[in-house]
Amino acid sequence: VWGGGLAHLGVAVAAGSRGRGLGVRAATAAAAHAIGVGLVPQWRYRQDNVASARVGERLGFVRIGEQPQ
């Protein structure tokens, strides 16, 4: 939890388990929990992590900025 109101979300999936929707399922549960406890979910990922960007997009997150590395 950041600043008392944001839920920083991210998912790590083992290389051998990728491509089966596990990240999306875990992130969906985490986002739903965050909302359920009154937090605003925020999806963050490294700029070079295309797979994580896709998960965020599939969950409906909208890119509003980037943080320099």
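Predicted model only: the values in this text are computed from it and were never measured.
- Pairs passing the ring-ring contact (aromatic ring centres under 6.0 Å, His included) check and including a residue from residues 5-30, sequence neighbours excluded, read Trp2-His8.
- In the hydrophobic clustering of this structure, Val50 does not group with Tyr45; members are Ile, Leu, Val, Met, Phe, Trp, Tyr whose side-chain heavy atoms approach within less than 4.5 Å, directly or through other members.
- Residues that satisfy the ring-ring contact (aromatic ring centres under 6.0 Å, His included) test with His33, not counting sequence neighbours, are absent from this structure.
- With sequence neighbours left out, Val11 forms a side chain to side chain contact (heavy atoms under 4.5 Å, CB included) with Val13, Ala26, Ala27, Trp43.
- Listed by chain and number, the residues in a side chain to side chain contact (heavy atoms under 4.5 Å, CB included) with Arg25 are Leu22 (sequence neighbours excluded).
- Applying the side chain to side chain contact (heavy atoms under 4.5 Å, CB included) rule to Val24 yields the partners Thr28, Val55, Arg58, Leu59; only residues at least two apart in sequence or on another chain are considered.
- Annotation: side chain to side chain donor-acceptor pair (under 3.5 Å) contacts involving residues 9-20, sequence neighbours excluded, comprise Ser17-Arg20.
- Shortest non-hydrogen contact noted between Leu39 and Gly4 is CD2-O, 3.9 Å.
- Arg63 is linked by a salt bridge (charged side-chain N to carboxylate O under 4.0 Å, His left out) to Glu66, counting only residues two or more places apart in sequence or in another chain.
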